[in-house]
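Start at 1 and go down the list; that is how both ligands and their atoms are numbered.
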Amino acid sequence: MKVLVVGSGGREHAIAWKIAKSPLVEKLYCAPGNGGTRLVAENVAVSDTDIAGLAGFAARERIDLTVVGPEIPLSLGIVDEFERRRLRIFGPSQKAAELEASKVFAKQFMARHKIPTGRFRITEFPEEALAILRSDEFGFPVVVKADGLAAGKGVIICESLAEAEQAVGSIMIDRQFGDAGRKVLIEEFLRGKEVSFIIISDGTKALPLVTTMDHKTVFDSDKGPNTGGMGTISPSPFLTPGLFDEVMRTIIRPTIARMDEEGRTYKGTLYAGLMLTSEGPKVLEYNCRFGDPETQPQMLRLESDLVDILISAIEGNVRIEEVRWNAGASACVILASGGYPGPYEKGKVITGLEDVMGIPGITVFHAGTKYENGQYLTSGGRVLGVCGTGATIADARKTIYDAVGLIRFDGMHYRRDIGTARMGA
Ligand code: AMP
Ligand code: GLY
């Protein structure tokens, strides 16, 4: 089989790494890929948003399966286009991907079907947004969100009325996130532990992946601005078996069933970002794709053949009971460029990668890297994900931080507290 992975992050390196192990696969491509994907796949110079270019490549090369990493091609309708051309592809259709592409759609969907989520108001008028905030309906902190895709940046947690007014101004009037700011959501601030709950759906059934916990803020102890994710652990220490069942029963299964009933059958990966509140798990947001960096520790724990799982999901026949996971633990620590998540420099030489390659239990997934003249250079904000496995998260954590100590690039920074979260903390 010939397989194409679309995207260029750490998530895509992890997916490609796992697919490359499948006995079903003869040839693997990654478009556009990164410095790490070239070790397991052939990188193809087609952008992950060039839908016509990707479909043309898949048709020409007779690709048997395409797997899409990021949300933008999904929201642009890559799945609809491939299906129209009878090319097999894993991911939700454009109509199904609206769960992530429009926060307004997602919130109204949850409200319509009584899927647990925080209280909210939606408006397209700045004056109305300000009136809602001034009425103190939600208290403070309050969350102000742009409606559309804003690369994880369109969510502003406001501690005061002044901050909330500023957030409305930058989203709706200055249009800092472009058209995503045509509508805003004003949301109740939810307290609790966050969990990334990720499943693969075949349209009616949901295969839960092993649970993970992301670390969103840039600095230790959850300080500093939010990022795409600075590290992950699997399993999540906070999701007890009872809560897991509650999430499946009150959130995941109803989401898949109601999407199908609404004519938006959801086939692909569904990522529910949850807050475990004192009133039970509530949805913060849906993503229509695998997580980054949640996928990295998940792929390290997946023992079954990923290609087999993805094809069975496409065919509407995912065999949940057959999927095997490693019973231990895994984690991922992101090494980021100096300045990230703000502006950062690129093109820094990365050293030490060959020293960590041979360490038992360690796998390095590249994100913002490129390979040039025999060297790896930084090319993005999140540069590398140093990942490891162990019997426990504490074991994985130790192995990973020993390896991190060997890698260097100018400006490199990372969190030192990945894997220290404890139940009850
Ligand atoms: P989102 O893209 O909607 O998941 O928001 C990004 C991050 O903002 C989430 O992962 C949470 O850490 C935080 N967040 C979003 N909505 C809320 C909320 N209603 N209450 C508390 N934190 C939130
Ligand atoms: N790590 C958060 C995300 O993938 O959206």
Side-chain angles (χ1 to χ4, degrees), residues 7 9-12 14-15 68-72 74-75 97 99-107 110 116-122 137-159 164 167 171 177 180 184-198 209 211-218 222-234 236 269-279 281-298 331-334 336 341 365 367 381-382 385 415 418:
R11 165 183 53 206
E12 287 77 21
I15 292 170
V68 187
E71 64 277 16
I72 303 226
L74 293 166
S75 71
L99 271 187
E100 175 170 4
S102 167
K103 289 182 189 289
V104 167
F105 170 77
K107 274 291 201 183
M110 288 185 271
T117 188
R119 287 184 297 117
F120 66 99
R121 296 276 298 268
I122 296 166
E137 180 178 337
F138 295 97
F140 291 94
V142 67
V143 188
V144 180
K145 298 186 180 182
D147 177 31
L149 294 175
K153 299 194 187 99
V155 173
I156 308 179
I157 295 171
C158 312
E159 300 290 341
I171 294 175
F177 310 108
V184 286
L185 277 124
I186 298 172
E187 255 183 59
E188 166 191 18
F189 179 78
L190 297 175
R191 288 171 208 280
K193 296 289 179 193
E194 250 184 274
V195 172
S196 308
F197 202 100
I198 301 167
L209 309 190
T211 62
T212 55
M213 174 188 170
D214 193 7
H215 296 68
K216 304 250 181 204
T217 66
V218 66
D222 299 331
K223 301 270 186 328
N226 267 354
T227 69
M230 290 299 286
T232 27
I233 54 175
S234 176
S236 158
T269 306
L270 179 68
Y271 167 153
L274 306 178
M275 192 67 93
L276 303 178
T277 74
S278 55
E279 298 169 356
K282 295 189 180 181
V283 179
L284 290 172
E285 64 161 354
Y286 291 109
N287 295 314
C288 60
R289 49 171 176 77
F290 287 102
D292 191 350
E294 285 87 344
T295 307
Q296 291 83 323
Q298 287 174 328
C332 171
V333 173
I334 296 291
F365 292 122
R382 294 189 292 176
R415 278 180 64 156
I418 308 298

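- For ligand 1, the atoms sitting less than 4.0 Å from at least one non-hydrogen atom of F189 are 20 (N), 21 (C), 22 (N), numbered in the order shown with element in parentheses.
- A pairwise comparison of heavy atoms in M230 and T217 identifies CG-O, 3.4 Å as the closest pair.
- Residue-level proximity to ligand 1 for V143 is carried by the side chain, the only part with a heavy atom below 4.0 angstrom.
- In terms of modelled atom types and a separation under 3.5 Å, the side chain of R415 and the main chain of G231 share no donor-acceptor contact.
- Between the side chain of E100 and the backbone N or O of A97, no donor-acceptor pair lies under 3.5 Å.
- Which parts of ligand 2 touch R289 is read off a 4.0 Å heavy-atom cut-off, strictly below it: atoms 3 (C), 4 (O), 5 (O).
- Under a 3.5 Å cut-off, the side chain of R382 and the backbone N or O of D292 do form a donor-acceptor pair.
- Atoms of ligand 2 found under 4.0 Å from any heavy atom of G228, numbered from 1 in the order shown, are 1 (N), 2 (C).
- Looking at ligand 2, you'll find an N or O of D292 within less than 3.5 Å of one of its N or O atoms.
- Of all the listed residues (I156, I157, V142, N287), I157 holds the heavy atom that lies closest to atom 13 (C) of ligand 1.
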Worksheet item: Going through the checks in order, is the side chain to side chain contact (heavy atoms under 4.5 Å, CB included) test met by M110 and Y286?
Response: CA-CA 10 Å; M110 288 185 271; Y286 291 109; 3.6 Å; yes
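- One finds no salt bridge joining D147 and K107 here, because no Lys/Arg side-chain nitrogen approaches an Asp/Glu carboxylate oxygen to under 4.0 Å.
- In this structure a side-chain-to-backbone donor-acceptor pair under 3.5 Å is present from S234 to T211.
- Using 4.0 Å as the threshold, P293 has a heavy atom nearer than that to some atom of ligand 2.
- Contact annotation for R11 and ligand 2: no heavy atom of the residue comes within less than 4.0 Å of the ligand.
- Using a 4.5 Å heavy-atom cutoff, the side chains of H215 and P293 are not in contact.
- Residue-ligand proximity, D214 to ligand 2, at heavy-atom distances under 4.0 Å covers atoms 1 (N), 2 (C).
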Practice prompt. With side chain to side chain contact (heavy atoms under 4.5 Å, CB included) as the test, would you mind laying out the steps for E188 and F138 before giving the verdict?
Written response: CA-CA 5 Å; E188 166 191 18; F138 295 97; 3.9 Å; yes
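- Under 4.0 Å from ligand 2, the heavy atoms of N287 that appear belong solely to its side chain.
- Look at Y271 and you'll find a heavy atom under 4.0 Å from some atom of ligand 2.
- Ligand 2 has no N or O atom lying under 3.5 Å from any N or O atom of K216, backbone or side chain.
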Worksheet item: Should C288 and L99 be marked as a side chain to side chain contact (heavy atoms under 4.5 Å, CB included) after you check the CA-CA gap, both sets of side-chain angles, and the distance that decides it?
Response: CA-CA 7 Å; C288 60; L99 271 187; 5.6 Å; no
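- When the options K216, K282, E194, M275 are ranked by their closest heavy atom to atom 11 (C) of ligand 1, first place goes to E194.
- Per-residue contacts place V155 under 4.0 angstrom from the following atoms of ligand 1 (heavy atoms of the residue considered): 1 (P), 2 (O), 3 (O), 5 (O), 8 (O), 15 (C).
- Taking every non-hydrogen atom of K103 and a distance limit under 4.0 Å, the qualifying atoms of ligand 1 come out as 1 (P), 2 (O), 3 (O).
- Side-chain contact between N226 and V155 is absent, with no heavy-atom pair separated by less than 4.5 Å.
- Atoms of ligand 2 found under 4.0 Å from any heavy atom of E294, numbered from 1 in the order shown, are 1 (N), 2 (C), 4 (O).
- Using a 4.0 Å cut-off between heavy atoms, R191 makes no contact with ligand 1 at all.
- Near G291, meaning under 4.0 Å from any of its heavy atoms, are these atoms of ligand 2: 4 (O).
- In this structure, S236 contributes its side chain and M213 its backbone to no donor-acceptor pair below 3.5 Å.
- Contacts with ligand 1 closer than 4.0 Å are made by side-chain heavy atoms of N226 only, the backbone lying farther away.
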